[in-house]
Amino acid sequence: MSNQPRVLSGIQPTGESMQLGNYLGAVRNWVQMQDGFDAYYCVVDLHAITLDPPEPAALRQRTRIVAAQLLAAGLDPDRCALFVQSHVPEHPQLSWVLECLTGFGEASRMTQFKDKSAKAGVDRQGVGLFTYPILQAADILLYQADQVPIGEDQRQHLELTRNLAQRFNARYGQTFVVPEAYIPKGAAKILDLQDPTAKMSKSRPEAGTVYLSDEPAVITKKVRRAVTDTDGEIRYDPERKPGLSNLLAIHAAFTDAGIDSVEKEFSGQGYGALKNAVAESVIAFAQPFAARSRELLDDPAELDRILAKGAERARALASVTMADAYAKVGFLPAVVG
Ligand code: ATP
Ligand code: LTN
């Protein structure tokens with residue numbers, strides 16, 4: 001086993017493709033952190049049935065799509081364990097123990113739960129949406145992760161995870177590493193192009209979300225129609241000019257430039273020039289990315305082999321933590337033979 005610090009993160013197989021915010025807010029860091037970390041990355045299919053459960057065939061397909069896209073983004077199965085959450089039964093097993101340590105009020109304060117349940121009405125949601133962050137905590141704690149690369153929207157879930165780790169350790173003795181959130185500057189919260197008060201998300205309307213599988217013409221159209229403001233000044237000011245600042249942040253991230261240098265470059269020009277440049281920088285990434293994802297998806301047997309190997313590595317680690325946690329809680333060991 002590696003002596004390097006460990007990293008774990010997850011992404012839901014919701015939608016037919018990753019969106020730009022997933023990549024810039026999280027996945028780009030996953031790729032970088034393969035160097036210098038013992039890396040575990042997970043397609044969280046158990047989480048993907050918490051809201052509007054998809055058709056079974058669609059869930060299977062989306063799970064493969066996300067896996068292919070993660071590889072296309074630069075994950076290397078020789079340098080990280082890429083696996084599917086439902087292949088490692090320890091996740092829901094540990095989740096149960098953590099649920100019993102979580103306060104009802106504590107879980108009720110999770111803003112993602114409040115937002116998502118408010119949309120369809122609390123009484124119409126399954127309990128899984130409520131316990132979602134606790135399963136996420138189990139995902140992280142099972143691997144004794146030191147760092148968790150995520151977007152800003154997941155900060156509160158990581159805080160809950162840290163509290164649960166500390167609570168378990170205080171009650172039963174040192175068991176879990178208390179993880180740190182790794183949240184990028186600048187691209188931590190990419191906003192919806194049509195509604196720059198909301199984060200871009202796979203589950204929001206098409207027009208405001210750039211999918212990395214979108215055709216170049218579609219990307220250009222979505223970016224050109226992005227909602228900005230009417231003062232005509234190119235200036236990074238997320239409070240007063242959220243739409244325009246979002247475009248500056250996207251361009252800076254895709255061209256590996258600082259936001260202030262992008263601001264300077266376009267200062268005095270019209271919004272149209274900036275939008276064209278943003279569309280170009282997104283397409284320069286998305287086009288080869290989409291082509292590579294399609295190639296990988298054309299060989300589902302190979303994808304499944306990569307995921308099986310990832311799950312094997314994940315289980316080797318998760319089962320050790322799980323056995324320790326169960327023993328600490330006082331569950332009687334099952335005698336084999
Ligand atoms: P859904 O709409 O189904 O909730 P999502 O698009 O919000 O999905 P997730 O699969 O829940 O994406 O998130 C995967 C990772 O991408 C998480 O680390 C999350 O913080 C990050 N992320 C999602 N949207 C954004 C965004 N708009 N900006 C920055 N990071 C984001
Ligand atoms: N809830 C996360 C997805 C997720 C996750 C994780 C992220 C599930 N398990 C473990 C980091 C670590 C989201 O992005 N909505």
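When a ligand or atom number is given, it counts from 1 through the structure's own listing order.
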Decide whether an N or O pair under 3.5 Å exists between Asp153 and ligand 2. no
Atom indices of ligand 1, in the order listed, that fall short of 4.0 Å to a heavy atom of Ile150: 18 (O)
Per-atom contacts, ligand 1 versus Ser201 - under 4.0 Å to a heavy atom: 1 (P), 2 (O), 6 (O), 7 (O)
Within the 6.0 Å centroid threshold, strictly below: Phe176 and Tyr143: no
Ligand 1 versus Gln12, non-hydrogen atoms closer than 4.0 Å: side chain, backbone, both, neither? both
Hey, does Lys202 come in under 3.5 Å of ligand 1, counting only N/O atoms on both sides? yes
Identify the closest protein heavy atom to atom 13 (O) of ligand 1: which residue and atom is it, and at what distance? Asn22 ND2, 3.6 Å
Of the backbone atoms (N, CA, C, O) and the side-chain heavy atoms from C-beta on, which set of Leu135 has a member under 4.0 Å from an atom of ligand 2: side chain, backbone, both, or neither? neither
Val44 heavy atoms, cut-off 4.0 Å: which ligand 2 atoms fall inside? 8 (C), 9 (N)
Taking atom CZ of Arg225 as the centre, does the number of heavy atoms from other residues, nucleotides or ligands within less than 6.0 Å exceed 12? no
Counting from 1, what ligand 1 atoms have a heavy atom of Gln154 closer than 4.0 Å? 20 (O)
Atom CD of Glu55: over 12 foreign heavy atoms under 6.0 Å: no
Does Phe285 have its ring centroid less than 6.0 Å away from the ring centroid of Tyr23? yes
May I ask you to check whether over 12 heavy atoms, not counting those of Gln166, lie within 6.0 Å of atom CD? yes
Tell me whether Ser9 has any N or O atom under 3.5 angstrom from an N or O of ligand 2. no
Any chance the side chains of Gln85 and His47 put a donor and an acceptor closer than 3.5 Å? yes
Can you measure from CG (Leu135) to CG (Leu46) and round to the nearest 0.5 angstrom? 6.0 Å
Taking only non-hydrogen atoms of Ala26 and a 4.0 Å limit, the atoms of ligand 1 in range are 15 (C), 16 (O), 18 (O)
A cation-pi test, strictly: NZ or CZ of Arg313 under 6.0 Å from the centre of the six-membered ring of Tyr40 and no more than 45 degrees from its axis. Yes or no? yes
Quick one: do Gln125 and Leu51 satisfy side-chain contact (heavy atoms from CB on, under 4.5 Å)? Show the steps, please. CA-CA 7 Å; Gln125 294 309 328; Leu51 200 65; 3.4 Å; yes
How far is atom 28 (N) of ligand 1 from its nearest protein heavy atom, and which residue and atom name does that atom have? Ile190 N, 2.9 Å
With no hydrogens and no angle check, just 3.5 Å: does a side-chain donor-acceptor pair link Tyr132 and Gln12? yes
How about Ile49: does its CD1 atom have over 12 heavy atoms from other parts shown lying under 6.0 Å from it? no
Among all the protein's non-hydrogen atoms, which is closest to atom 1 (P) of ligand 1, and how far away is it? Ser203 OG, 3.5 Å
Verify the ring-centre separation between Phe289 and Phe254: is it less than 6.0 angstrom? no
For ligand 2, which atoms sit closer than 4.0 Å to a heavy atom of Tyr132? 1 (N), 2 (C), 3 (C), 13 (C), 15 (N)
Where ligand 1 meets Ile11 - atom numbers and elements under 4.0 angstrom, heavy-atom basis: 10 (O), 14 (C)
Here the atoms of ligand 1 under 4.0 Å from any heavy atom belonging to Ala187 are 29 (C)
Under 3.5 Å, is there a donor-acceptor pair linking the side chains of Ser213 and Glu16? no
For Lys116, which part has a heavy atom under 4.0 Å from ligand 1: side chain, backbone, both, or neither? side chain
closest protein heavy atom to atom 19 (C) of ligand 1 is Asp153 OD1, 3.5 Å
Please classify the Gln154 to ligand 2 contact at 4.0 Å (heavy-atom distances, strictly less than): side chain, backbone, both or neither. side chain
Just distances here: any N/O of Gln19 and N/O of ligand 1 closer than 3.5 Å? yes
Can you list the ligand 2 atoms lying under 4.0 Å from a non-hydrogen atom of Val148? 11 (C), 12 (C)
Do me a favour and list the nearest non-hydrogen protein atom to atom 5 (C) of ligand 2 with residue, atom name and distance? Gln136 NE2, 3.5 Å
Which of the ligand 2 atoms, numbered from 1, are nearer than 4.0 Å to a heavy atom of Leu8: 10 (C), 12 (C)
Atoms of ligand 1 under 4.0 Å from any heavy atom of Ala188, numbered from 1 in the order shown, are 28 (N), 29 (C), 30 (N)
Going by the 4.0 angstrom heavy-atom rule, the piece of Ile140 near ligand 2 is side chain
What protein heavy atom lies closest to atom 9 (N) of ligand 2? Include the residue and the distance to one decimal. Asp139 OD2, 2.6 Å
Of the choices Gln136, Lys199, Met200, which has the non-hydrogen atom that lies closest to atom 5 (P) of ligand 1? Lys199
Please say whether Leu191 places an N or O atom under 3.5 Å from an N or O atom belonging to ligand 1. no
Spacing of Leu297 atom CG and Leu71 atom CG [to the nearest 0.5 Å]: 10.0 Å
Verify the neighbour count for atom NZ of Lys189: are there more than 12 heavy atoms of other residues, nucleotides or ligands below 6.0 Å? no
Under 4.0 Å from one or more heavy atoms of Thr14, ligand 1 contributes atoms 1 (P), 3 (O), 8 (O)
Atom 26 (C) of ligand 1: which of Ala249, Gly21, Gly10 has the nearest heavy atom? Gly21
Under a 4.0 angstrom heavy-atom cut-off, which atoms of ligand 2 come close to Gln12? 15 (N)
Scan side-chain atoms only and decide if Thr63 and Asp45 contain a donor-acceptor pair under the 3.5 Å cut-off. no
Can you tell me if Asn169 uses its side chain to pair, donor with acceptor, with the backbone of Thr175 under 3.5 Å? yes
Distance only, no hydrogens: is a donor on one side chain within 3.5 Å (strictly under) of an acceptor on the other, for Glu215 and Gln287? no
